[in-house]
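Following: one structure in structure tokens, then a few remarks.
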Amino acid sequence: MRIRRLLGLALATAALAGASALGAATAQAAAPTITSAECTAQGGSVVSQPYAGTVCVFPDGSKQAVG
């Protein structure tokens, strides 16, 4: 019985850790958008990509969605 309890506790802990990691990844995926004017004001260029929509490409190579 004792082993079953320890195994159950370990599984519950792993499930909670996985759920919090999934929540963090989901929150990170919902990045804020930027306007075209803000993009060009910061030195970026607005690019329309097939199947990805319109994004702002900054001089350092990073991208952000244009909304």
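No hydrogens, no waters, no symmetry mates; every other heavy atom, side chains included, goes into these values.
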Extract all donor-acceptor atom pairs below 3.5 Å that involve side chains of residues 52-59 and protein atoms in other chains or at least two apart in sequence.
none

Would you list the atom pairs, donor with acceptor, under 3.5 Å between side chains in residues 37-44 and any protein atom, with sequence neighbours excluded?
| unit_1 | atom_1 | unit_2 | atom_2 | d |
| --- | --- | --- | --- | --- |
| Glu38 | OE1 | Thr35 | N | 3.1 |
| Glu38 | OE1 | Thr35 | OG1 | 3.3 |
| Thr40 | OG1 | Ser36 | O | 3.3 |
| Thr40 | OG1 | Ala37 | O | 3.1 |

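Taking a 4.5 Å side-chain heavy-atom cut-off between Ile, Leu, Val, Met, Phe, Trp and Tyr, the cluster of Tyr51 contains only that residue.
Applying the side chain to side chain donor-acceptor pair (under 3.5 Å) criterion to Ser62, with sequence neighbours excluded, gives Asp60.
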